[in-house]
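To start, the structure itself, in C-alpha cells.
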Amino acid sequence: MTKCHVLYLACTAAIVGTGLGAAPAAAGHPHHVTHVVRQGQSIQKAVDAAAPGDTVYVTAGTYRESVTVATDGVTLAGGPRAVLRPAPVKKKAVGTCAADGNGICVTGTKDHKVKNVTVAGLTVTGFTRNGVYATATDKLTVRQVTAEKNGVWGIATEASERTVLRGNTARDNGDAGLFLANTVKEEQGATDTRGTQVLGNRLEGNRIGVTVRRLRDLTVAHNQMTGNCAAVFVVGDENKPKAGRVTVRDNRIVANNKSCPKTARLDALQGTGIVLTGAEDSVITRNVIRDNAGTSSLSGGIVLLKSFVGTTSDRNRISDNTLSGNSPADLVVTDTEGKGNTFERNSCKASKPAGLC
C-alpha cells in the first residue's frame with residue numbers, strides 16, 4: 001500500500017507528474033510513489049512508469065484510452081468523475097487491450113499471475129467488450145468502480161484466484177455485470193479460486209447480474225441486484241472437476257424482470273433470481289428474493305436445472321431464504337435427476353414441484 005492515501009494525497013512529496021516519472025528515493029530509504037494523471041495526459045504512460053507498490057491516481061476528466069496493468073502491486077485509482085471511454089477509432093495493435101475492446105486490462109500470464117493489483121474508484125464506460133478485464137491474476141482487488149454500458153461484461157476475471165470485487169456498480173452492460181470464469185477460450189474443469197469474494201456490489205440493468213462459470217470456492221454476498229434479466233448464475237458443465245462449492249448469501253434480489261432474447265446457449269431470460277445449473281455442493285442462504293417474474297424456462301426465485309449439456313445439480317443446500325412474489329414460483333426445480341439437493345427453512349409460498357416450501 002502506498003504511503004500516500006490516494007484519496008487525500010496527503011503525502012505531497014511523493015506526488016509526481018505523469019511525464020516526469022518518480023523522484024528517486026534517498027539512499028537506504030525506498031518509498032512508494034503516487035503518479036498523478038491529469039486530463040490530457042496518458043494513464044498508460046504513468047502505469048508503465050509505476051513500480052510495485054506505486055499508485056497511479058487519475059484526476060477528474062474524461063480519458064479516451066485503454067489501460068493495461070501488468071506489474072505486481074500497482075494501484076490504479078481515481079474518483080467517480082475520472083472516466084475512461086474508448087479511444088477514437090484508428091488502427092490498433094492486434095491483441096492489445098484497446099483492440100480487444102476492453103477498458104482496463106489486468107494481465108498476467110500462464111507462468112506468472114500478476115499479483116496484488118488494485119483498481120479503484122474509476123468509471124469505465126462504452127467499451128465494445130468489457131469495462132475491466134483481468135486474466136491470470138492473484139489477489140486482485142476491484143472496488144468502487146462503475147462499469148456501465150459496455151458491450152459484454154462490466155467487470156470480468158478469468159484464470160484468477162483470491163479476487164475481491166467489492167462495492168462496485170455494474171449497470172446496463174450487454175451480458176453480465178460481474179463475470180468470473182475459469183477460462184473463456186477452452187474447455188476444462190472447474191478451477192479453485194482459493195476464496196474469491198464478490199461483496200456489496202450494485203448490479204442493475206445487465207443481462208445477468210453475476211455469472212460464476214466453472215469455478216469452485218467462491219462467495220457472492222451482500223450484493224443488491226435489480227432490473228437485470230437474471231440476477232445470479234452459477235454455471236457448470238460436463239468437465240471435471242465439477243463446478244460448485246459456491247456460497248450465495250445475504251443478497252437482495254428484487255424485480256429482475258428485464259427481458260433478454262434467446263441465445264445459442266441459453267433460453268430467453270426474464271424474471272430470474274438465482275440459477276444453479278450443473279453445480280454441486282453449493283449453499284444458497286439468507287437471501288431476500290422477491291418479485292422476479294417471467295415465462296422463461298429459467299424464470300423463478302431460485303431455480304435448479306440441468307446444464308445445457310445435461311449435467312445435473314447435486315448436493316446443493318437451499319436454506320433460510322425469504323422469497324415472495326416470484327413467478328412461476330419461488331422455488332423451481334426442473335432438474336429431476338439431481339441428487340441430494342435440500343430445501344430447508346425457506347420462507348416462500350409456491351414451488352414447482354409443490355412441497356419444497
Side-chain angles (χ1 to χ4, degrees), residues 1-25 30-87 96-98 100 102-108 112-127 130-147 150 154-157 160 163-168:
M1 188 67 186
T2 178
K3 291 183 179 179
C4 301
H5 192 298
V6 297
L7 296 180
Y8 298 100
L9 302 181
C11 183
T12 55
I15 298 173
V16 295
T18 299
L20 300 178
H31 61 269
H32 299 156
V33 171
T34 296
H35 307 256
V36 176
V37 184
R38 296 177 176 84
Q39 191 164 1
Q41 297 179 320
S42 167
I43 302 171
Q44 186 65 65
K45 186 174 181 179
V47 168
D48 291 345
D54 285 1
T55 292
V56 174
Y57 184 80
V58 182
T59 62
T62 297
Y63 299 80
R64 291 195 170 272
E65 64 176 301
S66 297
V67 179
T68 297
V69 182
T71 301
D72 292 349
V74 167
T75 293
L76 173 60
R81 292 188 298 125
V83 180
L84 269 71
R85 293 183 178 273
T96 65
C97 189
D100 291 343
N102 302 314
I104 297 172
C105 297
V106 184
T107 307
H112 175 76
K113 283 184 163 59
V114 63
K115 297 179 175 62
N116 299 306
V117 169
T118 295
V119 179
L122 298 154
T123 294
V124 189
T125 183
F127 289 88
N130 312 309
V132 178
Y133 185 67
T135 182
T137 68
D138 183 12
K139 292 188 177 180
L140 168 72
T141 298
V142 182
R143 55 178 172 80
Q144 297 176 317
V145 165
T146 297
N150 299 292
I155 300 170
T157 70
S160 295
T163 303
V164 177
L165 306 182
R166 183 191 295 272
N168 302 290

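Residue indices begin at 1 and follow the sequence shown.
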Determine whether His112 and Asp72 satisfy the following criterion, side chain to side chain contact (heavy atoms under 4.5 Å, CB included), listing intermediate values before the conclusion.
CA-CA 10 Å; His112 175 76; Asp72 292 349; 3.4 Å; yes
Rounded distance [0.5 Å steps], CG in Asp48 versus CD1 in Ile43:
12.0 Å
Indicate the atoms forming the closest heavy-atom contact of Pro86 with Gly126, along with that distance.
CG-O, 3.2 Å
For Thr157, check side chain to side chain contact (heavy atoms under 4.5 Å, CB included) against everything at least two apart and list the hits.
Ala134, Leu140, Ser160, Thr163, Leu180
Atom CZ in Arg166, atom OG1 in Thr141: separation rounded to 0.5 Å?
8.5 Å
From CG (Leu84) to CD1 (Ile104), nearest 0.5 Å:
5.0 Å
Can you find a pair of side-chain heavy atoms, one from Thr118 and one from Arg143, that are under 4.5 Å apart?
yes
Check step by step if side chain to side chain contact (heavy atoms under 4.5 Å, CB included) holds for Gln39 and Thr59.
CA-CA 7 Å; Gln39 191 164 1; Thr59 62; 5.6 Å; no
With sequence neighbours excluded, what pairs up with Ala82 under the side chain to side chain contact (heavy atoms under 4.5 Å, CB included) test?
Val58, Leu122
Smallest heavy-atom separation, Lys113 atom then Thr137 atom, equals CD-O, 3.6 Å
Side chain to side chain contact (heavy atoms under 4.5 Å, CB included) involving Val74 - partner list, sequence neighbours excluded:
Ala50, Val69, Thr71
Residues in side-chain hydrogen bond (donor to acceptor under 3.5 Å, both in side chains) contact with Asp138, at least two apart in sequence or another chain
Arg162
Asn150 side-chain N/O to Phe127 backbone N/O, donor-acceptor pair under 3.5 Å:
yes
Taking everything shown except Lys139 itself, do over 12 heavy atoms lie less than 6.0 Å from its NZ?
no
OG of Ser66 to CG of Asp100, rounded to nearest 0.5 Å, is 9.5 Å
Report yes or no: does Asp54 contribute a side-chain atom to a donor-acceptor pair with the main-chain N or O of Thr34 at less than 3.5 Å?
no
Applying side chain to side chain contact (heavy atoms under 4.5 Å, CB included), can you list everything that pairs with Thr68, at least two apart in sequence or on another chain?
Gln44, Cys97, Cys105, Thr107
